Amino acid sequence: MFIPCDRGGGSAAPDFKGFTLLMPAVSVGNVGQLAIDLVISTLDMTKVGYFYTDCLVPMVGNNPYATAEENSVELSINAEVYSLPSKKLVVLQIRSPFIKNKYRPFCETLLSWVKSSKCARVVLLSSSHAYQRDDEQLLGTPLRYLLTPDLEKAVGGRMKELNWKEMEKVAAYPGINDTDKVLHIPGGGITKLLFTESCSEGIQMAVLLKFCSEGDNIPDAFVLVNYLNEWLQLTKSEVSTSNNSTDPSSQWKIPSSWRLLFGNGLPPALF
Amino acid sequence: MATFFGEVVVAPSRAGLDEEEEAREETPEDREIRREIEKKRYRQRGEIREREIQVLWSCAEESLVCSRFIVAIGRNAAAFLSSFILDSVCWEVIGVVKLWNEWCRTSSTTNVLPTDSFCLFYRLISDPTVLLCQCSCYVAEDQQFQWLEKVFGSMQKKGLQVTILSTCPVADYKTQESTLTLISPFLKALKTKEFQEQVCCPLLEQPNIVRDLPAA
């Protein structure tokens with residue numbers, strides 16, 4: 001599944017042993033994917049390979065993180081892997097939806113790649129439909145986390161220090177029987193499947209998700225990536241000198257491919 | 001979400017994954033219904049399942065040696081090749097793709113009309129390593145990978161250079177100005193870093209992308 005880029009200087013595949021794999025779920029508002037774009041763009045991560053898979057709709061374009069003419073001509077496809085060895089971070093970006101009936105094989109292949117490449121843990125960025133929140137979830141923070149039992153032992157304490165809220169389980173049969181609780185992540189795409197499979201296979205996985213709706217999800221992406229940053233400390237928060245407060249978006253670099261998200265310029269003749 | 005008139009509707013999600021139907025617990029009746037639908041949609045015909053693609057070659061060689069492969073995807077690109085490149089003197093038909101999906105069906109005949117849906121392969125008689133494909137039929141997203149593997153799997157690649165010709169509506173082109181004032185048609189290109197020759201037109205700028213079979 002994983003094909004390393006040929007970077008010259010030897011054909012050895014990159015080594016991800018002990019790394020944290022950061023990846024998005026294709027979910028409501030594409031918030032996870034937007035947040036991943038911010039991480040890759042800000043940390044100026046190097047592409048180290050891609051996934052050769054029949055599970056995602058094919059797409060191709062030029063470098064979405066281009067900053068100049070010279071680096072704008074590298075092709076980019078639907079599932080690519082970037083790495084930053086100095087932070088022991090490997091990032092998978094998914095850029096297209098799943099082909100019907102193919103999301104399960106993708107999850108299986110992904111998790112077996114995680115095990116074979118010996119990643120220490122997986123952090124999954126996701127989102128869930130805001131309109132499906134219950135009364136309690138409507139109040140307070142829209143951010144939630146989930147940890148597999150193996151990761152709970154390692155970092156559960158840190159989540160408590162950060163005062164994070166764990167994703168609540170809901171009644172399996174609401175109105176009839178409130179004792180059976182299940183995990184329900186509507187709009188979360190493969191989040192629930194990946195999480196439950198990781199639990200049963202002993203993979204250390206954390207899910208960070210935000211309740212949101214479809215629309216302009218750029219602010220949601222900033223909120224989610226800052227949430228991630230509280231824990232992983234990928235970048236330093238910058239204090240704005242003018243009013244001595246932290247601008248939540250200042251430390252993240254928006255990629256050039258985020259231009260024209262909502263359509264082209266207007267024809268002058270319209271006015 | 002609640003609409004203006006107050007009724008609650010499920011908003012289609014850009015996430016693209018309708019996991020509700022996958023995650024729901026199946027009753028035995030649901031399973032039976034799903035099995036019947038799948039049987040109808042993916043009817044077994046001998047060894048071949050209807051959703052599968054067949055690539056039929058008329059030449060005897062087990063694998064074709066190919067140095068240049070030109071693929072025209074979509075009716076416009078296929079028509080371009082018919083009008084300017086193909087003729088019965090220099091090119092011979094050597095293969096056809098047989099497929100079915102909800103949008104079109106192709107057959108194994110090589111005698112096609114321009115209005116038919118077809119996918120044909122030609123070889124240049126004077127240089128048999130030059131192959132050409134006209135694919136005017138729509139290849140569904142779950143068939144694109146198959147098409148790729150079966151077509152390229154039949155080739156012995158000898159310094160292979162692939163050129164893909166395709167068209168997209170101008171309205172889909174993302175640009176700062178309005179597409180109304182854009183002079184069209186216009187050409188844009190994408191190339192791999194291994195392609196060292198001069199490209200005849202500007203490269204496709206971000207945030208524009210290519211999808212489906214040309215992307216595959």
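A quick note: this is a predicted structure, and the numbers were derived from the prediction, not measured. The chains referred to below are lettered A, B, ... by the order of the sequence lines, with proteins before strands, and numbering in each begins at 1.
Residues B/Q161 and B/E197 have side chains that bring a donor and an acceptor to within less than 3.5 angstrom of each other. A donor-acceptor contact under 3.5 angstrom links the side chains of A/E80 and A/S76, judged on distance only.
When heavy atoms are compared at a cutoff of 4.5 Å, B/E149 approaches chain A solely by way of its side chain, counted from C-beta outward. For A/N63, the part lying under 4.5 angstrom from a heavy atom of chain B is the backbone only. Heavy atoms of B/Q144 lying under 4.5 Å from chain A belong exclusively to its side chain.
A distance-only check finds a donor-acceptor pair linking the side chain of A/S96 to the backbone of A/V57 [under 3.5 Å].
At a heavy-atom cut-off of under 4.5 Å, chain A is reached by B/Q206, B/P207, B/N208, B/I209, B/V210, B/R211, B/D212, B/A215, B/A216 from residues 206-216 of chain B, listed in order of number.
Electrostatic pairing of A/E168 and A/R144 counts as a salt bridge here, judged by a charged N lying under 4.0 Å from a carboxylate O.
For B/Y173 and B/F186, the gap between ring centers is short of 6.0 Å.
Under the rule for a side chain to side chain donor-acceptor pair (under 3.5 Å), the partners of A/D54 that lie at least two apart in sequence or sit in another chain are A/K102.
The minimum heavy-atom distance linking A/R104 with A/L193 is given by the pair NH1-CD1, 3.6 Å. Closest approach of A/I77 to A/F51, counting heavy atoms only: CD1-O, 4.4 Å.
Among B/L203, B/T175, B/L204, the residue with the largest count of heavy-atom pairs under 4.5 Å with chain A is B/T175.
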